[in-house]
Structures are given as C-alpha cells and as structure tokens.
Asks: 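One structure follows; several queries about it will come next.
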Amino acid sequence: MDTRAEYRKLVNNMGKKEFTFLKMQEYGFWPSNLPTPYERQQNETLEDFENRKKLLDEFQKLSEKISDAYKEKDEIEKKLSNLKKKYNDTWDYEKIRSVVSQEIMKESIARRAEKKAEKERQKQLKSEAWNKKKAENIIFIGRGYSNLLHKKETDVQKLKENQMPVIETDRELAAFLQIEYNTLRYLVYHRDVITFDNYYRFDIPKKSGGMRHIAAPKTQLKAAQKQILEQILQKVEVSDLSHGFIKSRSVLTGAKAHNTAPDLLINIDLENFFPTITFERVRGLYQSFGYSGYIASLLAMICTYCERMPLEIKGELKYIKTSDRVLPQGSPASPMITNIICRNMDKRINGLCKKLGITYTRYADDMSFSYIGDTDNLAIGNFLSSVNKIIEAEGFHMKKEKTHILRKHNRQYITGIVINNEEIGVPKKWVKVLKASIYNAQKLKDSGGVVSSKTKHEIAGKIAWLKSVNAKRYEKVINQGTEFLKSLN
C-alpha cells in the first residue's frame, strides 16, 4: 500500500495529534513509556489541572512580555534606520547621539506633562466628588467631634424594642426633627468662634448661695431638643429613686419617700452636675439606644453646647468658645439625659443603702439619705466614703463642702421641704416672708395704692406652693392670701 495513503488512513482513524505522537515514539523522539500530553490531560487530577492552568497563565504573561520587548526592539531599530538614512552622508555619531538625546528628552517631557495633566484631572475629579459628598452628606461637625461619623451601623431591632424612631441618615434625622436639611447642617456644626449664639445665657441665684449659670436654647434649637425629649428620651425607663423633671414626680415626692423626723439625714450635692456630662457621654447614651455613631454624634451635637465669652473684634461682636461641649442647664432635653445617665449610679448607691437600712432619693444633683435607728451603729464616715467612690466611678464629683449631716435637733430638709415634724412643711422664715408680703400689699391697697402685678404673681405662686406641700397645715395663711387676691379683682 502507498505509504502516504496508509498515513492518511491512520490519521483519519486515530486523529492527527495521536498519529504524530505515535510516529515520534517510533523514531525515538518521544519515550514509549512516557504518556503523551493528551493522555495526561485525560487522566489528570483537579490539582494537576490547576497547576497546568497556572503554568499556562505564566507562559502567557512571559509571551506577552517577550512580544512587548520585540515591539520595543523593532521601534528602536526603526528609529536607528531612519536616523541612518537621515545622516547617511556624514554618519556623524556625535550629532546622532545629540539628536537622539533631544528626542528622548522631548518624549520624557511630554510624558511628564501628560502625567501631570492626568494627575490634575484626577485631583479635580476627586475634589468635585468630595464637594458633592459634602453637599449631600454631613461629613464633618467640628474638630474633636467627628471621629465616629464613619460608623453608620444602626441596631434597628434594638430601636424597635425600645419603641424609638429608626433614624439611619442625616436627612431622616432632619425629617424627624421637622427642620430643613440645611438647618440641621447648621445646628450640628461646632464653631469655636460664632457671630450668632443659639442660646440665651444668664445667671440666677441659688438658694444655697452663689449663681447658677443657665443656657436656654433659642426657638429653633429648643423645638429640636423638645422633639428628641418626647420621641426618644421619654421612651427610656428611669430609676424610681430619681424625682427630678419626671412627670408625676417632684421635690414633694422625693421628700415624702423619706420618713418624717429621721434620726439622721444626710444631704449631698454633686459638683458641676450638668457640665460634668460631656458630648462624649451624651453620644454614648444615644449609641446605647441602638443609634449608629453617625446619628448619635448628630443628636449629641443638638443636645450639648459650649461655654462662650462675648468679645468685640473689629467692631463686631463675636462669641468665643471657652469650654468643650457639655450638657446645657436650660435645655428641655438635659434633665432627662441626666436621669438616664445616672441610672446606674442610683442603682449602685441604693444597693449600698439597702444593706444599711438607709433610704435614698435624688433630685437632679441633690442626693438625700435618711436613717431611722441607733446612729452609733452606723459608720457615717465609711458610708460617705463608699458613696463617694461610687459617685467618682460614675464620672461625677461630690461637693464635699455642701455635704450636710442633720440629726433630730437640726432643721432637717430635703430640696427645701422640711421633714422634722410629723408633717412635712416649708421653713418658718419662708412663711413669715409670705405673711409680710400679704400684709404690706393689703396696707398699700387700703391706702389707695396700686398693688403691682409682680407682687400679685409672687403671692399667688407662694400660696399655690403651700397648697401643694401641705394645704391643711398652712390653711390659715392660704385663706388669707386667697381672700386678698380676690379683693383685688
């Protein structure tokens, strides 16, 4: 049979690749005991396949590099060829070298210019993207206060369990507070120097002496704080031991929680109570409810402020920051924030008091402890030291000069309510002042004078206070004042 025809038949039967390897084995180009690549491929494992694929990928990369090198070589040879033709007559190597250097320099300058232009373009794009992000999101609220704005994770389940509104974005917060988005941006941004102050600032005298600094928010900010109070803060359960700024509780409920005429009464004041509660503590409180670090930061900015000093600069009045952001005494949200933050402190102190048979209540920064029994069995110094340790551990400070230890022979009072007698009351001096006010006003009226509105309001307010404290005990002076006020109509 014709060899060519025989080969063609074998190729048709076996396939071209198998036939080729058969002949390679016959002529000694491929060992007969070594499987062909196709046999290996048919019997290869997954691991062999991955190795082969990896080698093929590396081979492909090498091939591309070699191809690029050849292209570069061709371009260089082409340039040299053109230069040879250009300088064929003289073949001045120095001139050729100079021209080549100049062209290389031109190409280098062009590449650098192109890179610089691309860098500027990328910078411009980045700047535009950043400005767009700033316009659409609150990404900075002031130096020292923005470090948690990147935390956007909200515990939706926890918020729902607490029956609190789910707020995940700044625009949702603006809608919740019922204000414009730009207004929210303005309210949550801290500035060290401002020309418009969002707070009315004034001082009022304390009953115990000294002045109390009040910062009352202006209309727009106050409305936002009130919304936070009603829709978020009032959903939180507070301690039964707290009697300040809570519906159905007052200085009266705090005083009535103690037995009258105890053998021992201790009153403690907390030092700088509201300023002790910082922006970070308020932010942490909102995070504990389930809000993200982002939303908690914005809520905390609305609920805190910093002390400022008015200063005239170039004929314009400025307000300069003099403290870090803290809780303002005058905001509708502040009292409830203090009650929530103090829950753990109240719990710890009450646990200590129960062991010793002591009754404990707190009204804002006024803490009262009463004890009935033999005081010789009570180590007062150790007790106060233990209370102070708890107070310090919770981030507050005891005003030691305002700690009063009152026994039965002292006038015992809790937030202005006297509890010495079998019935609670007010200080005798306070009642004498009211009687004098009524007498003087009556005398003025009888002489044809006009009793001022301020005097009428003061008498009416004091009568209402006596009624709420102990109407039966002060019935006589209450009736006297009421009749006088009626006579003015």
Side-chain angles (χ1 to χ4, degrees), residues 158-159 161-164 225 228-259 262 265-278 280-291 296 299-300 303 326-329 331-371 383-384 386-399 402-403 413-417 419 424:
K158 192 172 184 180
L159 289 172
E161 288 173 359
N162 292 331
Q163 297 182 331
M164 293 181 180
Q225 292 171 347
I228 293 170
L229 169 66
E230 294 174 351
Q231 301 301 321
I232 296 177
L233 298 172
Q234 288 183 346
K235 302 288 179 68
V236 183
E237 186 176 346
V238 295
S239 168
D240 292 335
L241 305 163
S242 176
H243 292 266
F245 316 105
I246 302 171
K247 289 180 180 178
S248 74
R249 301 187 206 174
S250 64
V251 291
L252 282 174
T253 60
K256 289 177 179 178
H258 297 263
N259 288 310
L265 176 67
I266 302 174
N267 288 327
I268 292 175
D269 275 10
L270 296 179
E271 189 173 21
N272 295 324
F273 183 54
F274 282 83
T276 303
I277 300 176
T278 61
E280 289 76 15
R281 294 182 77 174
V282 178
R283 179 175 61 186
L285 177 68
Y286 287 116
Q287 283 183 284
S288 72
F289 298 158
Y291 290 108
L299 288 169
C303 293
V326 294
L327 207 59
Q329 188 166 351
S331 160
S334 292
M336 187 56 69
I337 290 174
T338 65
N339 283 331
I340 297 170
I341 286 177
C342 288
R343 285 183 305 179
N344 194 57
M345 180 181 72
D346 289 339
K347 182 180 178 181
R348 292 179 65 186
I349 291 176
N350 195 49
L352 171 67
C353 290
K354 279 185 174 180
K355 293 177 183 178
L356 301 172
I358 295 173
T359 300
Y360 163 65
T361 60
R362 180 181 59 80
Y363 186 94
D365 55 351
D366 294 327
M367 308 170 83
S368 298
F369 306 84
S370 64
Y371 176 77
F383 169 70
L384 288 175
S386 298
V387 170
N388 186 51
K389 284 180 181 178
I390 295 172
I391 290 172
E392 292 288 334
E394 293 296 327
F396 297 99
H397 307 287
M398 184 191 295
K399 194 183 291 184
K402 288 295 184 72
T403 298
Y413 58 91
I414 297 175
T415 54
I417 305 296
I419 64 169
I424 63 172

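Everything numeric here is computed off the predicted structure, so don't read it as measured data.
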Asks: Got a second to check how far D346's CG is from S239's OG, nearest 0.5 Å?
Replies: 4.5 Å
Asks: For residues E394 and R281, report the shortest heavy-atom separation together with the two atoms involved.
Replies: O-NH2, 2.8 Å
Asks: Counting only N and O atoms by type, is there a donor-acceptor contact under 3.5 Å from the side chain of R348 to the main-chain atoms of A393?
Replies: no
Asks: Just wondering, are more than 12 heavy atoms of other shown residues or ligands nearer than 6.0 Å to NZ in K235?
Replies: yes
Asks: Which distance, rounded to the nearest 0.5 Å, do you find between the CG of L299 and the CD of Q225?
Replies: 11.5 Å
Asks: Between R249 and D240, does any NZ, NE, NH1 or NH2 come within less than 4.0 Å of an OD or OE carboxylate oxygen?
Replies: yes
Asks: Compare every heavy atom of L384 with every heavy atom of M398, then report the nearest pair and how far apart it is.
Replies: CE-O, 4.0 Å
Asks: Do T278 and V282 come close enough that some side-chain heavy atom pair is under 4.5 Å?
Replies: no
Asks: So do V251 and I414 actually touch side chain to side chain, heavy atoms under 4.5 Å?
Replies: no
Asks: Going by heavy atoms in the side chains, are I419 and P262 under 4.5 Å from each other?
Replies: yes
Asks: Is the side chain of T338 donor-acceptor paired with the backbone N or O of P335 at a distance under 3.5 Å, no angle test?
Replies: yes
Asks: Once rounded to the nearest 0.5 Å, what's the spacing between atom CG of L352 and atom CD1 of I390?
Replies: 5.0 Å
Asks: Any idea which heavy atoms bring F245 and A364 closest together, and the distance?
Replies: CE1-CB, 3.7 Å
Asks: Applying side-chain contact (heavy atoms from CB on, under 4.5 Å) to V236 and M164, what does each step give before you reach the verdict?
Replies: CA-CA 9 Å; V236 183; M164 293 181 180; 3.3 Å; yes
Asks: Would you say that M345 contacts I349 through its side chain, given a criterion of any heavy-atom pair below 4.5 Å between the two side chains?
Replies: yes
Asks: Could you tell me if R362 and S242 have a donor-acceptor pair between their side chains, going purely by distance under 3.5 Å?
Replies: yes
Asks: Any side-chain donor paired with an acceptor under 3.5 Å for H258 and T361?
Replies: yes
Asks: If every non-hydrogen atom of T276 is compared with every non-hydrogen atom of G395, which pair is closest and at what distance?
Replies: CG2-O, 2.8 Å
Asks: Would V326 and I277 count as a side-chain contact (heavy atoms from CB on, under 4.5 Å) if you check the C-alpha gap in whole Å, the side-chain angles of each, and the deciding distance to 0.1 Å?
Replies: CA-CA 6 Å; V326 294; I277 300 176; over 6 Å; no
Asks: Heavy atoms, side chains only, cut-off 4.5 Å: are F274 and D365 in contact?
Replies: no
Asks: Please answer whether the main-chain N or O of F289 pairs with a side-chain N or O of N162 as donor and acceptor at a distance below 3.5 Å.
Replies: yes
Asks: Can you tell me how far SG of C303 sits from CD1 of I232, rounded to the nearest 0.5 angstrom?
Replies: 8.0 Å
Asks: Evaluate side-chain contact (heavy atoms from CB on, under 4.5 Å) for I268 paired with V387, printing each intermediate quantity in order.
Replies: CA-CA 10 Å; I268 292 175; V387 170; 4.2 Å; yes
Asks: Who passes ring pair (Phe, Tyr, Trp, His ring centres under 6.0 Å) against F273, sequence neighbours left out?
Replies: F396
Asks: Is the closest side-chain heavy-atom distance between F383 and L356 below 4.5 Å?
Replies: yes
Asks: Hey, are the side chains of L252 and I417 touching, using non-hydrogen atoms and a 4.5 Å cut-off?
Replies: yes
Asks: If you count the non-hydrogen atoms of other residues, nucleotides and ligands that lie under 6.0 Å from NZ in K158, is the total more than 12?
Replies: yes
Asks: Taking side chain as C-beta onward, heavy atoms only, is Y360 less than 4.5 Å from S368?
Replies: no
Asks: Could you tell me the separation between the CG atom of L159 and the OH atom of Y291, rounded to the nearest 0.5 Å?
Replies: 5.0 Å
Asks: Please name the pair of heavy atoms, one in L265 and one in Y413, separated by the smallest distance, quoted to 0.1 Å.
Replies: CD2-O, 3.4 Å
Asks: Which residues satisfy the side chain to side chain donor-acceptor pair (under 3.5 Å) test with R283, sequence neighbours excluded?
Replies: N147
Asks: Could you walk me through whether K399 and D366 pass the salt bridge (charged side-chain N to carboxylate O under 4.0 Å, His left out) check?
Replies: CA-CA 10 Å; K399 194 183 291 184; D366 294 327; over 6 Å; no
Asks: Go through it in stages, so that I can follow the logic: the residues are M367 and N267, the test is side-chain contact (heavy atoms from CB on, under 4.5 Å), and I'd like the CA-CA distance, side-chain angles, deciding distance and then a yes or no.
Replies: CA-CA 6 Å; M367 308 170 83; N267 288 327; over 6 Å; no
Asks: Return the minimal non-hydrogen interatomic distance between Y371 and G357, and the atom names on each side.
Replies: CD1-O, 3.7 Å
Asks: Rounded to the nearest 0.5 Å, what separation is found between the NE2 atom of H243 and the OG1 atom of T415?
Replies: 9.5 Å
